[in-house]
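Only this structure's heavy atoms are used, side chains among them; waters, hydrogens and symmetry mates stay out.
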Amino acid sequence: MKKILCAVLSAVMIFCLLPLGAFAAGDEAEPPQALLGDVDLNGVVAPADARLALRASVGLEPEILPGTDVFTAADADFDEKITSADARSILRAAVGLEDLADRLPESEALTEAALEEKINACMLSFFVDYEEGHGEHGTGFAIGENGTVVVSYRKIHKATRISVGYPIDVGRPLESILAADPGSRLALLKIGGDIPYLPVNRTWYGVGDTVYSTDYLGSLHRLTIVAPPAGADIPEQAICVSVPKGEHSYSLGGYPMVDRFGRAIGFIEKEFHTDAGRFAYAIPLALLPSPEEYAPRSMEEFSRDEWRITLVCPVEAVTLVQYGTGLIPIYMFNRQFETVDAVNPQTDLIDVSFETDATDPEVPILRIMAKKPCENVPVTVRVEGRYETAELTLTVSVTQDGYVNMVGAEFLPDPGVIWETLPTEVYVGDWIALSFNKSDTGLSDEELFYSYTDYLIALGYEHVETEELPDCNRYRFRMEEYGITVDYTDTEDHVLIGCYFDES
């Protein structure tokens, strides 16, 4: 983006240093009051205004003199002179990268004592109930008239009740939740009563600027906006600040980051330490919606929405070969503590249960084991939410003929189909493991080994390694074309089949 702006500004310098009839000498109408950046006084900030400011910076607009409205409009940084930096700021404002309304003259900067007082006056505490026996405290701060309070969305996620205090332990009624955005990690509450508030600076700050915050004791902290240190795990759009050495250890999380004019820039979410020192990051308030975009909800409406769970299954119907094992991921959005169940009306035909994916515990794996031939048996996955039940249904059919590959694992042969028995254990993670009791198969060790490995070789696997373990042997087969490795481990009582997939 910086390169684009530089190119645009260079273009302005090359071909735009030509006179404009922006201020006709014979115009008898009284010019309107200057709007910062609106150099031609037409009521909007546009690239033409940046062009005029650039011409004035090199002396090509003699009518733009100190004391005039046009000079005031062009002096974007209030330093009583017009430079290319002013033109750049006006151009940024014209293309929506900066809001010149966020710029203030240095004379309006506050003392540190005044900043401390202003921040502390706007702080609120609240307590969130999530479910019976679960809750925690949080802090927020007012950023608008009529009790508009910014808090961390993560603090109120799945809240069933929010009790707001101002100051601490003095209750205020919660009227509504104005906005709650998991993406920005911010939320806005509307509470009753008149509360001092911080105005918002959405754009006028940058690396190197000094900013401020307070903590639990109300003490002021002087911070510096910096580039995130190497390896820092912070949100992409977060504002990173360094915390000076010697500051006491009370966390700044939940407190505002303000500029020297007492305007809120961001919501400090977390502190962290690296070898380079102590840091914190804030979520910029520029990510908040504008008031016309608010969608107020009552506490009950918000809570119902937060606890509403969505289930998604990648298939609607599953067909297995008898004695085959199917592994189906069930994606659950907005799930937290709830238990997932599967309803199977035909336990004599199929066996249904859940495996927890060790690599992603939030995605339960529906395990279907085919006992006998059947057609379109409905299986319902159900989650009992706080307010309502979420469920989905898929159908399962079992045939005696067909492919022996496990569902969801192409070119991975299922030994249960070959040996006509079901596994006693299944493991799902970054690899899949099936354990078979030898006595269930009625086959000898040699029959088990060759019936399966001959099938592997027929599919295109190659034997690549034999590993001699203390009590058994492990035989490794590999299909390079599809990046699948299969281990056949032959123990005294069981055969363990392990299946690995390349990350690609």
Side-chain angles (χ1 to χ4, degrees), residues 115-132 134-202 212-218 251-258 262-270 282-308 386-387:
L115 285 169
E116 182 177 278
E117 181 180 357
K118 186 168 187 175
I119 296 171
N120 291 332
C122 302
M123 293 301 304
L124 297 98
S125 65
F126 61 89
F127 186 84
V128 179
D129 292 298
Y130 302 114
E131 56 183 353
E132 188 173 352
H134 295 274
E136 64 178 312
H137 288 279
T139 54
F141 50 92
I143 60 167
E145 298 179 2
N146 305 317
T148 303
V149 178
V150 62
V151 299
S152 168
Y153 169 77
R154 302 169 81 180
K155 281 285 188 180
I156 68 170
H157 174 48
K158 288 207 167 184
T160 58
R161 186 170 67 96
I162 302 174
S163 305
V164 183
Y166 168 79
I168 294 175
D169 298 329
V170 177
R172 293 283 178 133
L174 174 67
E175 296 183 2
S176 64
I177 290 86
L178 298 175
D181 180 16
S184 71
R185 306 153 81 103
L186 297 175
L188 286 172
L189 309 181
K190 173 71 169 65
I191 67 172
D194 295 329
I195 304 171
Y197 67 92
L198 298 171
V200 175
N201 171 5
R202 290 176 177 262
Y212 303 86
S213 186
T214 58
D215 59 20
Y216 176 74
L217 296 180
S251 174
L252 305 179
Y255 288 79
M257 177 187 295
V258 304
R263 301 177 302 179
I265 295 171
F267 181 97
I268 299 179
E269 186 171 71
K270 190 177 181 180
I283 307 300
L285 299 188
L287 299 179
L288 287 170
S290 57
E292 56 270 18
E293 297 174 311
Y294 294 165
R297 287 175 285 175
S298 67
M299 185 68 247
E300 181 179 356
E301 290 171 333
F302 173 78
S303 184
R304 284 183 174 275
D305 289 342
E306 289 287 297
W307 282 83
R308 184 173 290 114
R386 182 180 182 89
Y387 297 102

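Proximity of a side-chain donor or acceptor of Thr139 to a complementary backbone N or O of Gly254 within less than 3.5 Å is detected. Of the possible donor and acceptor atoms, none in the side chain of Thr148 sits under 3.5 Å from a partner among the backbone N and O of Lys190. Lys118 places no side-chain N or O within donor-acceptor distance of the main-chain N or O of Pro196, the cut-off being under 3.5 Å.
Atom CG of Leu189 sits about 5.5 Å away from atom CD1 of Ile162, to the nearest 0.5 Å. Once rounded to the nearest 0.5 Å, the distance linking NZ of Lys270 with CD1 of Ile283 reads 11.5 Å. Atom CE of Met257 sits about 4.5 Å away from atom CD1 of Ile268, to the nearest 0.5 Å. The CZ atom of Phe126 sits 11.0 Å away from the CD1 atom of Ile191 when rounded to the nearest 0.5 Å. Once rounded to the nearest 0.5 Å, the distance linking CZ of Arg297 with CG of Asp305 reads 5.0 Å. Here the CZ-OG1 distance, from Arg386 to Thr160, works out to 4.5 Å after rounding to the nearest 0.5 Å.
Two rings, from Tyr255 and Tyr216, have their centers 6.0 Å or more apart.
When side chains are defined from C-beta on, Ile119 counts as touching Val258, because their heavy atoms get closer than 4.5 Å. For the pair Ile177/Met299, a side-chain contact is recorded, criterion being any heavy-atom separation below 4.5 Å from C-beta on. Between Phe267 and Ser152, the closest side-chain pair of non-hydrogen atoms falls below 4.5 Å. Between Leu124 and Val151 there is no side-chain heavy-atom pair separated by less than 4.5 Å.
Minimum interatomic distance between Pro296 and Ser176 (heavy atoms only, all atoms of both residues): CB-OG, 4.0 Å. Closest of all the heavy-atom pairs between Gly262 and Pro199 is O-CD, 3.8 Å. Nearest heavy atoms, Gly218 versus Asn120: O-ND2, 2.9 Å. Contact record, Gly140 with Val149: C-CG1, 4.2 Å, taken as the closest heavy-atom pair. Across every non-hydrogen atom of Gly135 and Tyr130, the tightest pair is CA-CD1, 3.7 Å. Taking all atoms of both residues into account, the shortest heavy-atom contact from Tyr294 to Pro289 is CE2-O, 3.6 Å.
Applying the side chain to side chain donor-acceptor pair (under 3.5 Å) test to Glu300 and every residue at least two apart in sequence or in another chain returns Arg304. The side chain to side chain donor-acceptor pair (under 3.5 Å) test applied to Ser303 returns Tyr387, not counting sequence neighbours. With sequence neighbours left out, His137 forms a side chain to side chain donor-acceptor pair (under 3.5 Å) with no residue at all.
By the 6.0 Å contact criterion, CD on Glu175 is enclosed, its count of non-hydrogen atoms from other residues, nucleotides or ligands being greater than 12.
With 3.5 Å as the limit, one finds no donor-acceptor pair spanning the side chains of Tyr212 and Glu116.
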(request) Please test Asp215 against Leu252 for side-chain contact (heavy atoms from CB on, under 4.5 Å), starting from the C-alpha separation and ending with a verdict. (result) CA-CA 5 Å; Asp215 59 20; Leu252 305 179; 4.1 Å; yes
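For the salt bridge (Lys or Arg N to Asp or Glu O under 4.0 Å) test with Arg154, the passing option among Glu269, Glu136, Glu306 is Glu269; the others fail.
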